2 protein chains.
Amino acid sequence: MRSPSGREIPDEIDPILEELVRGIIGQVADKWTMLILEVLEEHGTLRFTQIGKLTGGISQKMLTQTLRQMERDGFVQRTVYPVIPPKVEYNLTELGRSLGAAFCAVWEWAAARHADIEAARKAFEERNGKA
Amino acid sequence: MRSPSGREIPDEIDPILEELVRGIIGQVADKWTMLILEVLEEHGTLRFTQIGKLTGGISQKMLTQTLRQMERDGFVQRTVYPVIPPKVEYNLTELGRSLGAAFCAVWEWAAARHADIEAARKAFEERNGKA
DNA sequence: ATTTATACGCACCAAAAGGAGAGTGACTGT
DNA sequence: ACAGTCACTCTCCTTTTGGTGCGTATAAAT
C-alpha cells in the first residue's frame, strides 16, 4: 500500500509495538528530555547541578525525574562517586546518542518547514479569528 | 563541533527557532495527533465520526481539539459541506504528509531499538527495584 | 409529532503534571 | 561551633489536561 505522497506506509502495524513506540516517542518528545539530550550531546559528561544550569529553568524535581527516566530507558549512564559531598556524573549511552540522531530528522523537518506552519497559522487566524 | 558519536551537532542554535521547533515537536508527538495522522495517511479522506471510530477511544472533545490544531498548523484540510445533517471531511495536506515522513525515522528507530529499551528497563528494575 | 443523524460547543469535574521550598546526611573549610 | 556543598527527597500547591454528558440546528425518515 502507498500513501498519496508515494512513500511507503506499513500495511498492518503490530498494535503492541505501536503502543510501545508511541510511549517511547511520547517520553522522548518531552520538553526536558530533549533539552537534557542536547546538553549531554554538547558537553559530554556532566554532573547534576551542571545539567540543571545548562538546561536553564528546570526544577530539581523535574531534573531528577527526567534523568531517572532516561537512565531507566538506557539513554544515560549514571555514575555515583561515594564521596562527600556526593558526586554523580551523567553521560549519554550509545542508545541515547542514536536517539538524538533519529530525532534529527524531525528537527530538520521542523526547521525547514516552520515558515509554512507559521504561514498556515496566520491564514487560519485570518479566516477564523475575526470572522 | 562534533559530538562523541561523530555526528554533527549545530554549534549555536537560534533560541527562537529552538523554542518554535520544540513546540511543534511537542504538539506533533501528542498521542492523538499521531494517531490521526496515521489514519488519515491510511484512509485518505475521512469525516469526523469516521476518524473517531478509526482512532478508537478518543473523546469528541479531544478529536475536535486535535483536528483544529492540525488544521491551524496546516497539516489537515477541513472541508465543510453545507448540508443537513452536517458533513465535514478531513484530509492531509502536503505539509501533513511530509510531517509523517519526517517522523518515520523516529518510528523506525523506536521499532529497531525498543528491545534495547526494554532490556534497559528490566536491568534497571533489577538494580533498583528490590535493592 | 417524534425520532435520527452529524459535527460540534460548553460547563463541570477528576486526575495528572509540574513548580516552590524546606529538609537530609556527612564531611570540609573557617 | 557552624556554615557550605551536593544530590537528592518530601510535602504542599497551582496549573494543565482530558473525560463526561448535555445542548443545538435542521431536514429527512417514520
Side-chain angles (χ1 to χ4, degrees), chain A residues 19 22-36 39-40 43 45-73 76-91 124-125 127-131, chain B residues 19 22-36 39-40 43 45-73 76-91 124 127-129 131:
Chain A
E19 180 56 34
R22 191 180 314 291
I24 293 167
I25 292 176
Q27 287 171 16
V28 154
D30 170 72
K31 180 183 176 184
W32 298 126
T33 304
M34 292 191 56
L35 271 175
I36 292 172
V39 302
L40 283 178
H43 297 86
T45 296
L46 290 172
R47 36 197 307 199
F48 189 81
T49 39
Q50 288 181 312
I51 301 176
K53 278 175 202 163
L54 289 169
T55 43
I58 190 170
S59 66
Q60 281 191 339
K61 181 186 173 183
M62 276 295 98
L63 184 52
T64 310
Q65 207 174 100
T66 308
L67 244 16
R68 279 292 139 76
Q69 182 104 48
M70 292 175 81
E71 185 199 356
R72 182 179 111 100
D73 290 345
V76 299
Q77 196 194 356
R78 178 166 174 269
T79 314
V80 183
Y81 297 89
V83 296
I84 279 162
K87 179 178 177 184
V88 181
E89 283 184 349
Y90 294 90
N91 59 114
F124 182 84
E125 263 179 37
R127 281 200 309 273
N128 303 15
K130 315 277 179 181
Chain B
E19 181 55 32
R22 192 180 315 289
I24 292 168
I25 293 177
Q27 286 170 18
V28 154
D30 170 71
K31 181 185 177 185
W32 298 125
T33 304
M34 293 192 56
L35 271 173
I36 292 172
V39 303
L40 283 177
H43 296 87
T45 297
L46 290 172
R47 35 196 306 199
F48 188 80
T49 40
Q50 288 181 312
I51 300 177
K53 279 176 201 162
L54 288 169
T55 42
I58 190 171
S59 67
Q60 282 191 337
K61 182 186 171 181
M62 275 295 101
L63 185 51
T64 309
Q65 206 173 103
T66 309
L67 244 15
R68 277 295 138 75
Q69 182 105 49
M70 293 175 79
E71 187 200 354
R72 183 178 111 99
D73 289 345
V76 299
Q77 193 193 358
R78 179 166 174 265
T79 314
V80 183
Y81 297 89
V83 295
I84 281 163
K87 179 179 177 184
V88 180
E89 283 184 349
Y90 294 89
N91 59 113
F124 182 84
R127 283 200 309 273
N128 302 14

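Here the structure is a predicted model, which is why all the values come from computation and not from measurement. Hydrogens, waters and symmetry mates play no part in the numbers below; they use all other heavy atoms, side chains included. Order of the sequence lines fixes the chain letters, A, B, ..., with proteins taken first and strands second; residue numbering starts at 1 for each chain.
A:Lys31 contributes atom NZ, which lies 11.5 Å from atom CD1 of A:Ile36 (distance to the nearest 0.5 angstrom). The CZ atom of B:Arg68 lies 6.5 Å from the CZ atom of A:Phe124; values are rounded to the nearest 0.5 Å. Taken from CD in B:Glu71 to CZ in A:Arg127, the straight-line distance is 5.5 Å, to the nearest 0.5 Å. Between A:His43 atom NE2 and A:Asn91 atom CG the span is 14.0 Å, to the nearest 0.5 Å. How far CG of B:Leu67 is from CZ of B:Arg72: 14.5 Å, rounded to the nearest 0.5 Å.
With sequence neighbours left out, A:Asp30 forms a side-chain hydrogen bond (donor to acceptor under 3.5 Å, both in side chains) with A:Thr33.
Map A:Pro85 and A:Arg78 each onto its nearest nucleotide of DNA chain D; the residue landing nearer the 5' end is A:Pro85. Comparing A:Asp30 and B:Arg68, the nucleotide of DNA chain C nearest to each residue sits closer to the 5' end for B:Arg68.
Extent of DNA chain D lying under 4.0 Å from chain A heavy atoms, first and last nucleotide in 5' to 3' order, is D:dT5 to D:dT9. Contacts between chain A and DNA chain C, taken as any atom within less than 4.0 angstrom of a protein heavy atom, begin and end at C:dG18 to C:dC27.
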Side-chain donor/acceptor pairs under 3.5 Å, residues 48-58 of chain B, sequence neighbours excluded:
{"residue": "B:Gln50", "atom": "OE1", "partner": "B:Arg47", "partner atom": "N", "Å": "3.0"}
{"residue": "B:Thr55", "atom": "OG1", "partner": "B:Ile51", "partner atom": "O", "Å": "2.7"}
{"residue": "B:Thr55", "atom": "OG1", "partner": "B:Gly52", "partner atom": "O", "Å": "3.1"}

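Note on A:Tyr90: only backbone sugar-phosphate atoms sit closer than 4.0 angstrom, heavy atoms only; bases stay farther off.
For residues 52-62 of chain B, proximity to DNA chain C is found at B:Gln60, defined as any non-hydrogen atom under 4.0 angstrom from a strand atom.
Contacts classified as side-chain hydrogen bond (donor to acceptor under 3.5 Å, both in side chains) and involving residues 76-85 of chain B (residues at least two apart or in different chains) are given here: B:Arg78-B:Tyr90, B:Tyr81-B:Glu89.
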